[in-house]
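Shown next, in structure tokens, is the structure this report addresses.
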Amino acid sequence: MKPSSLIICRCEEVTIEQLEQAYQTGSCTSRQLKMKTRASMGACQGRVCRQLVDAWVHDKDPDSPHDAELLSYRPPIRPITFGQLAKGEL
Amino acid sequence: MKPKLQQTDLIIVGAGPAGLSAATAAADNGLSVTVIDEFPEPGGRMLGQFHEEQGHWWVGKRIADELIEKNRAQGVSIRCGVSVYGMLKVDQLWEVSTSHGTWTAPRVLLATGAAEIPMPTCGWTLPGVMSIGAAQVMTNVHYVKPGKRGLIIGVNVLAMAIARELSVSGVMLAGIVLPPGGPLAGKAALPRNNLQVLMGLSHLAPSPILRFGGKIAYALGMAGIVSSLFPRRGIKLWDIPLKLRTAAVSINGTDRVESVTLADVNAKGEIIAGSEREEAVDFVALAGGLYPLAELASVAGCPFIYTPELGGHLPLHSERMQTPVEGLYVAGNITGVESALVAMAQGQLAAASICSDAGVLGEDGDRKVVEAIGEVQRVRASALIQFHPGIPEARRKIYRMWQQTYEAGV
Ligand SMILES: Cc1cc2nc3c(=O)[nH]c(=O)nc-3n(C[C@H](O)[C@H](O)[C@H](O)COP(=O)(O)OP(=O)(O)OC[C@H]3O[C@@H](n4cnc5c(N)ncnc54)[C@H](O)[C@@H]3O)c2cc1C
Ligand code: FES
């Protein structure tokens with residue numbers, strides 16, 4: 001198996017190769033990479049892969065800022081059903 | 001239809017050592033407290049921990065049971081199997097949304113602990129590959145062996161502590177090896193760096209885990225920290241081979257883990273061509289380290305700071321465990337990765353702060369908070385398991401930053 005086909009985001013099955021392609025076409029921060037590839041947008045909301053995507057970006061550009069804004073979270077932070085959502089909101 | 005809101009004085013998210021300690025302390029001062037945790041039983045990460053300390057065993061499960069008993073006696077409501085998925089401030093009250101309805105309270109303490117960082121290796125999505133913490137939970141919490149013979153990829157304090165637990169529980173380990181070099185592992189793939197991590201830890205505390213370093217130094221004779229002198233076949237700690245000059249290249253198998261391809265590496269962590277061989281194992285544990293699990297602090301609007309010594313991005317907080325967001329407090333590993341005893345002391349401190357802010361401590365408030373701060377410092381200084389040597393200094397920096405930002409001119 002080529003290292004480039006290593007999966008980095010398990011929920012969305014995003015490989016290093018896909019991150020590389022996105023990076024080459026201008027997605028340079030973890031947030032841009034997320035928008036482009038869906039890495040860290042999956043069911044676990046990045047709990048598994050976020051740190052990896054961040055480490056990968058820093059390896060590419062050691063001067064990139066460790067900006068928490070790029071990694072902000074939005075509710076729901078856990079998978080929930082429409083029923084549960086409705087109970088809380090109606 | 002308006003949903004029924006369940007109101008208390010204090011909601012604590014997380015029933016680990018920090019959350020449970022805070023809950024009894026707050027209930028002791030008369031607050032009504034609800035603790036919410038998504039795991040089926042309370043105790044957090046303590047449930048799976050045990051280690052030898054000066055001749056006797058420290059068993060996390062036992063400490064957790066005592067705390068739970070105290071909480072129950074004080075009427076604290078502990079709700080397990082409930083996930084918090086969001087929180088919002090509406091008119092001075094936090095509305096905490098969960099998989100089982102909404103709770104409200106003027107104050108919320110986040111004690112959500114830390115999460116693991118995986119160590120991706122070719123083949124890491126095969127069944128039989130798990131995080132080191134999952135191996136710990138399977139073995140020590142559910143009493144199920146993760147496999148017959150396993151391999152740990154990644155060298156750090158957590159990996160060493162859990163390797164020891166697995167071996168005590170009768171799980172066979174082929175060894176602890178380095179991760180493959182590359183952009184994801186960084187320094188973790190360098191033999192010298194790992195040796196320095198272990199050596200650096202050894203003098204901090206006299207615990208058996210950290211005496212590892214001393215044993216390595218002995219194995220090296222008087223040579224000092226020269227990784228090329230580390231024996232290629234590794235050295236044995238208890239009965240587990242620690243191989244700092246061997247890396248995992250790939251995890252192999254058709255439907256599940258069957259073997260791992262290992263190779264020798266040079267001091268830069270590069271594979272020495274021709275040294276590849278297969279090691280038959282049926283499970284692999286990945287140890288990439290821990291980071292504070294702070295999603296809810298972000299959702300609540302708390303600013304973050306980046307502190308590598310404490311595990312990365314963490315919510316900005318004061319030495320009293322307050323965040324800049326009114327009514328929002330933090331304690332335990334969410335404020336930085338440290339041991340369970342530190343988390344317990346932080347929980348008590350957070351409770352003192354909360355009770356003082358709620359006005360139930362009267363004139364004693366400040367004195368109790370100052371005492372609790374002293375206790376955290378004392379426990380931290382004597383902690384046997386230290387995840388990073390730079391923790392006290394990193395903490396001082398955060399509290400200075402807080403003072404400059406929020407207390408200047410007050
Ligand atoms: C895998 C692992 C192994 C460890 N092993 C050791 C060890 O051997 N020795 C040691 O000293 N330290 C160890 N630690 C460090 C450990 O985190 C601390 O010792 C201590 O348990 C931290 O306490 P805490 O109360 O901050 O968090 P935890 O004990 O982690 O408890 C946090 C709780 O919050 C709950 N939670 C999180 N988010 C939500 C949510 N959104 N909704 C509901 N509930 C939520 C979790 O289910 C969990 O029970 C380990 C940590 C991990 C992650
Ligand atoms: S692993 Fe990437 S979102 Fe879950």
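Below, read A as the first sequence line, B as the second, and so on, with proteins coming before strands; counting in each chain starts at 1.
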Practice item. Check each atom of A/I80 against the heavy atoms of chain B and say whether the ones under 4.5 Å are side chain, backbone, both or neither. Key: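 Contact with chain B is through the side chain of A/I80 alone.
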
Exercise for review: Examine whether an atom of A/R10 lies under 4.5 Å from a heavy atom of chain B, and if so say whether it belongs to the side chain, the backbone or both; otherwise answer neither.
Suggested key: side chain

Do [X] and [Y] come close enough that some side-chain heavy atom pair is under 4.5 Å?
{"X": "B/T125", "Y": "A/E13", "answer": "no"}
{"X": "A/L52", "Y": "B/P120", "answer": "yes"}
{"X": "A/R47", "Y": "B/L293", "answer": "yes"}
{"X": "A/Q45", "Y": "B/E295", "answer": "no"}
{"X": "A/R78", "Y": "B/V84", "answer": "no"}
{"X": "B/Y291", "Y": "A/R50", "answer": "no"}

**Study point:** Value rounded to 0.5 Å, distance of CD1 in B/I117 from CG in A/D54
**Key:** 10.0 Å

Exercise for review: Go through the steps to decide whether B/L296 and A/Y73 satisfy the test side chain to side chain contact (heavy atoms under 4.5 Å, CB included), and finish with yes or no.
Suggested key: CA-CA 8 Å; B/L296 287 171; A/Y73 290 85; over 6 Å; no

Check your understanding: Which pair of non-hydrogen atoms, one from B/G86 and one from A/P75, has the smallest distance, and what is that distance?
Key -> CA-CB, 4.1 Å

Practice item. Taking all heavy atoms of A/L6 and all of B/W124, pick out the closest pair and write down the distance. Key: CD1-CD1, 3.9 Å

Review point. Which answer fits B/E38, side chain, backbone, both or neither, if we ask what part of it has an atom under 4.5 Å from a heavy atom of chain A?
Key: side chain

